[in-house]
Chemist: 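Encoded as structure tokens, here's the structure I'll be asking about.
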2 protein chains.
Amino acid sequence: MKYSKQRELILETLKSAETHLTAEEIHILVRKTLPSVSLGTVYRNLNLLVERGLIRSLTTSGSTSIRYDGRTEEHCHLICTSCGKITDIDLDIFTPFDVFIYDRTGFSVDDHDFVLKGICADCSPHKFTI
Amino acid sequence: MKYSKQRELILETLKSAETHLTAEEIHILVRKTLPSVSLGTVYRNLNLLVERGLIRSLTTSGSTSIRYDGRTEEHCHLICTSCGKITDIDLDIFTPFDVFIYDRTGFSVDDHDFVLKGICADCSPHKFTI
DNA sequence: ATAGCTGCAAAATGTTTGCGCGAAA
DNA sequence: TTTCGCGCAAACATTTTGCAGCTAT
């Protein structure tokens, strides 16, 4: 993989983002530094980075577009159905989980994609204060 | 919601399928019984059924299209990265999970979407017999 | 009678790709 | 200098929508 300013910038943008961005959102951010970057280049590099394991992608039913995550360690996503915010949470349950599933089905787990939907702490009070 | 032959057929098709179908696959199956059904109608009804909680939708990173699941009870999906097969598995771990997350973050969980990627039992032997 | 559903086709959305030029090795 | 990545625009895939006619209530 040959170096490119564009790819570096895309990766950096994603690593420093606290949210889970779409390709379009990344495109907008990247262009603030390097206005000539095209959307095609953003997509090409995101696919490349996912392939190489430098970032992760996540799709959520409800939204049509793919979101990208600069964190490479496995973790869960909490999606608030009220405000749409996606939060990361670390859980140490993956290993016992995998063993359980392997014993029961013979399926050997490589990767986890756990999404929990509900109401986040910030939105929760509103349920009671209307 | 008014009765329609099309919607009944779509739901029935999904309930009796052992796989997780895309809209296009459902369209093909439904047309075997009622050839005039349009793809637009399939999409409209799938969205309606998901909204009403009569079916579930799932998106998987890697595939572009949404898949639909006739099972309404919460369960995990095992996706084989070798053959692409999606298997259901029931797990009784959701409740303790939710409590743990609520205690730690204040996020109150309504719904789970757990996807595990790996190699299924059928594909696994090939890893060792090459 | 009328609200809601359908088929059709066009539009909208999100992502990929072919091409010729320019940058990295 | 050769290979790879880029920008651009067109193509592609998937899903949604407007409309006029039909169907269930």
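Letters go in sequence order (proteins before strands), and every chain restarts at 1. Only this structure's heavy atoms are used, side chains among them; waters, hydrogens and symmetry mates stay out.
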Chemist: So, does the side chain of B/Arg7 form a donor-acceptor pair with the base of C/dG4 at under 3.5 Å?
Modeler: no
Chemist: B/Ile66 CD1 to C/dT15 P: how many Å, rounded?
Modeler: 12 Å
Chemist: Side chain of B/Glu24 only, please: which of D/dT14, C/dT15, D/dG7 is the nearest?
Modeler: D/dT14
Chemist: Report the distance from atom CG of A/Leu39 to atom C1' of C/dT15, rounded to the nearest whole Å.
Modeler: 8 Å
Chemist: Hey, is the side chain of A/Thr41 poking within less than 4.0 Å of OP1 or OP2 on D/dG7, counting only N and O atoms?
Modeler: yes
Chemist: Is there a side-chain polar atom (N or O) of B/Asn47 under 4.0 Å from OP1 or OP2 of D/dT16?
Modeler: yes
Chemist: Which heavy atom in A/Thr105 sits nearest to a heavy atom in B/Ala121, and how many Å separate them?
Modeler: O-CB, 3.7 Å
Chemist: How close or far is atom C1' of C/dA25 from atom NZ of A/Lys5, stated in whole angstroms?
Modeler: 18 Å
Chemist: In whole Å, what is the span from the CE atom of B/Met1 to the P atom of C/dG4?
Modeler: 12 Å
Chemist: Closer than 4.0 Å, any side-chain N/O of A/Thr64 to the OP1 or OP2 of C/dT13?
Modeler: no
Chemist: With a 6.0 Å cut-off (strictly less than), is the heavy-atom count around CZ of B/Phe97, excluding the residue itself, greater than 12?
Modeler: yes
Chemist: Taking atom C1' of C/dT6 as reference, at what distance in whole Å does atom CD of B/Glu8 sit?
Modeler: 16 Å
Chemist: Under 4.0 Å from OP1 or OP2 of D/dT23: is there any side-chain N or O of B/Gln6 that close?
Modeler: no
Chemist: Salt bridge check: are A/Glu8 and A/Lys5 linked by an N-O gap of less than 4.0 Å?
Modeler: yes
Chemist: Which residue, B/Arg67 or B/Tyr3, contacts DNA chain D at a nucleotide closer to its 5' end, judged by nearest heavy atom?
Modeler: B/Arg67
Chemist: I need the CG-P distance between B/Leu48 and D/dT16, as an integer number of Å.
Modeler: 12 Å
Chemist: Between the base of D/dT3 and the side chain of A/Lys2, is there a donor-acceptor distance below 3.5 Å?
Modeler: yes
Chemist: Among B/Thr87, B/Asp90, B/Asp69, find the one that has a side chain to side chain donor-acceptor pair (under 3.5 Å) with B/His75.
Modeler: B/Asp69
Chemist: Any base atoms under 4.0 Å from B/Tyr43, or only sugar-phosphate, or nothing? Heavy atoms, all strands.
Modeler: base
Chemist: Does a sphere of radius 6.0 Å around OH in B/Tyr102 hold more than 12 heavy atoms from other residues, nucleotides or ligands, not counting ones at 6.0 Å or beyond?
Modeler: no
Chemist: Round to a whole Å and report the spacing from CG of B/Leu11 to P of C/dC5.
Modeler: 15 Å
Chemist: OP1, OP2 of D/dC6 versus side-chain N and O of A/Ser38: anything below 4.0 Å?
Modeler: no
Chemist: In this structure, how many angstroms lie between the P atom of D/dG5 and the CG atom of A/Leu34, rounded?
Modeler: 17 Å
Chemist: Counting only distance, no hydrogens or angles, is the base of C/dG7 paired donor-acceptor with the side chain of B/Arg44 under 3.5 Å?
Modeler: yes
Chemist: According to a strict under-4.0 Å criterion, is A/Ser4 in side-chain N/O contact with OP1 or OP2 of D/dC6?
Modeler: yes
Chemist: Indicate whether OP1 or OP2 belonging to C/dC5 is found under 4.0 Å from a side-chain N or O atom of B/Asn45.
Modeler: no
Chemist: Looking at A/Glu24, I'd like to know if its CD atom is crowded, meaning that more than 12 non-hydrogen atoms belonging to other residues, nucleotides or ligands lie closer than 6.0 Å.
Modeler: no
Chemist: Under 3.5 Å, is there any donor-acceptor pair linking the side chain of A/Arg31 to the base of D/dG7?
Modeler: no
